[in-house]
Amino acid sequence: MRTTVGIIGGGPAGLLLARLLHRTGIDCVVLESRARAYVEQRQRAGMLEQGTVDALRECGAADRLDAEGLIHHGIELRFERERHRIDFPVLTGGRTVTIYAQTEIVKDLIALQLAEGPPLLFEAEALAVEKPESQAPVVRFVHEGREQMLSCDYVVGCDGSHGIAQGAFPAEVSCVYAHDYPYSWLGILADVPPSCEELIYARGPGGFALHSMRSPSVSRLYLQVPNGTDVKDWPDDRIWDELSARFAIDGDWRLERGPITSKSVTPMRSCVHEPMCHGRLFLAGDAAHIVPPTGAKGLNLAVSDVRVLARCFAEFHRTGSTQLLDHYSELCLERVWQATRFSYDMTRMLHTQPNGDVFDRRMQLARLRRITASRHAAAELAANYTGLPLAL
Ligand code: APR
Ligand code: PHB
């Protein structure tokens with residue numbers, strides 16, 4: 001097999017890149033190790049920046065998003081039993097965010113790609129990227145029980161945080177900057193209408209809690225839990241009791257309960273791999289960086305990487321110049337580090353630090369009080385949350 005751009009991974013990064021390249025007339029092939037059904041049911045985040053929505057619209061993948069996505073004009077911060085609203089349009093000159101599950105984006109992009117191309121192979125596991133420094137890199141993969149080769153002009157690793165593309169970077173050029181947090185998130189989906197109109201980020205007595213949603217009848221909620229937590233230790237009533245305690249305010253508000261349809265525990269990590277390209281091999285999305293979910297940046301960063309990369313490829317296709325492609329890594333990394341900083345700050349400000357002292361708690365409170373008292377500080381949060389501009 002031969003193609004211009006070989007894409008490893010059929011998550012949002014790989015699928016959107018394939019769609020953008022296809023529309024520019026650049027041929028590509030996507031290799032996805034999992035089965036279609038698995039990829040389409042995997043639960044992930046669901047908060048889209050305006051730029052992410054725009055990118056999906058521009059490539060004709062937003063029909064269902066436009067019909068079913070929930071536009072949000074702000075978020076609520078809760079702490080010390082008080083509620084404080086951050087109004088995005090007022091603070092950012094009109095920007096909003098949209099709630100639409102990543103799983104649904106993946107389903108929409110897969111349906112389009114299977115109908116219109118380019119080729120998308122499920123249960124095709126990439127084993128290695130060979131000769132990334134050469135003019136003709138090769139992806140070695142297994143499909144239908146046979147080992148095969150995909151010869152490419154360029155390879156893009158969109159294979160997530162446990163992928164193999166990063167491994168093709170020689171040790172002497174790779175720098176990995178990582179931070180593990182001393183807590184995880186227990187996430188649930190529940191068949192109950194959300195108890196709020198906008199997302200609530202709470203610093204409660206027992207730790208952080210987030211109230212999000214998937215639709216007018218499905219709530220998505222998260223609780224900070226210790227690393228190593230087993231979901232079996234969290235029966236439904238315990239989850240609802242703890243959520244209610246962390247969201248409690250002085251005033252009239254109640255968390256509605258309903259049947260829990262899914263429970264999972266996710267550890268939290270920040271990680272950036274530099275550079276994001278080596279020879280003719282590029283990394284995009286979780287393959288290059290991971291953020292804790294508190295700032296809702298993971299999916300949005302994956303989308304911004306591939307928007308930049310698609311523009312670099314389009315420039316090359318149009319003019320034959322590799323000038324933009326040569327700068328892909330620098331073009332992405334500034335935004336990546338800003339999102340890493342924002343996610344880290346949001347996480348540290350809202351989570352209870354195990355073994356944290358009184359001083360830590362007062363610092364958190366001082367940060368939260370500054371955001372709710374100063375328009376300037378609130379505008380800074382709103383600008384980061386709704387998404388910083390692309391470099392290209
Ligand atoms: N060969 C082929 N496919 C692979 C391989 C491999 N060796 N390794 C991993 N994959 C596939 C995974 O099965 C997955 O479908 O690559 C895909 C990576 O997708 P994601 O993990 O979703 O990563 P990405 O597309 O970068 O999306 C960004 O944002 O909200 C965050 O973590 C969340 O998934 C989200 C991410
Ligand atoms: C989600 O809806 O899953 C979600 C929303 C906001 C976050 C994290 C997750 O910060």
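If you read the sequence from its start, that first residue is 1, and numbering goes on from there. Note that these values count all heavy atoms, side chains included, but never hydrogens, waters or copies made by symmetry. We count ligands from 1, going down the list as the structure has it; atoms in each ligand are counted the same way.
When only modelled atom types and interatomic distance are considered, Y100 and D66 share no side-chain donor-acceptor pair under 3.5 Å. For the 3.5 Å distance criterion, the side chains of T261 and D191 fail to qualify, holding no donor opposite an acceptor. When only modelled atom types and interatomic distance are considered, E274 and W337 share a side-chain donor-acceptor pair under 3.5 Å.
Using a 4.0 Å cut-off between charged nitrogen and carboxylate oxygen, E125 and R34 do not count as a salt-bridge pair. Between E104 and R214, none of the side-chain N atoms (NZ, or NE/NH1/NH2) sits under 4.0 Å from a carboxylate O, so this pair counts as no salt bridge.
Of all the listed residues (A128, S33, G14), S33 holds the heavy atom that lies closest to atom 4 (C) of ligand 1. Counting only non-hydrogen atoms, the option in D305, L299, V142 that gets closest to atom 31 (C) of ligand 1 is L299. Closest heavy-atom approach to atom 7 (C) of ligand 2 within the set Y201, Y385, Y222: this belongs to Y201. In the candidate list Q102, M47, R44, Q102 is nearest to atom 30 (O) of ligand 1, counting heavy atoms.
Contacts of I8 with ligand 1, taken as heavy-atom pairs under 4.0 Å, involve the side chain alone. In T294, the part holding a heavy atom less than 4.0 Å from any atom of ligand 2 is the backbone. Under 4.0 Å from ligand 2, the heavy atoms of S212 that appear belong solely to its side chain.
Residue A126 has at least one N or O atom closer than 3.5 Å to an N or O atom of ligand 1. For ligand 1, the polar-atom distance check against R34 finds no nitrogen or oxygen pair separated by under 3.5 Å. Remark: ligand 1 and A302 share no N or O pair separated by less than 3.5 Å (distance only, no angle test). Residue A287 places no N or O, backbone or side chain, under 3.5 Å from any N or O of ligand 1.
In terms of protein heavy atoms, atom 33 (C) of ligand 1 is closest to D286 OD2, 3.6 Å. Looking at atom 19 (O) of ligand 1, its nearest protein heavy atom turns out to be G11 CA, 3.5 Å.
Using bins of under 30°, 30° to 60° and over 60° for the plane-to-plane angle, the ring pair F88/Y385 lands in the parallel bin.
The only member of Q364, R367, Q353 that meets side-chain contact (heavy atoms from CB on, under 4.5 Å) when paired with R348 is Q353.
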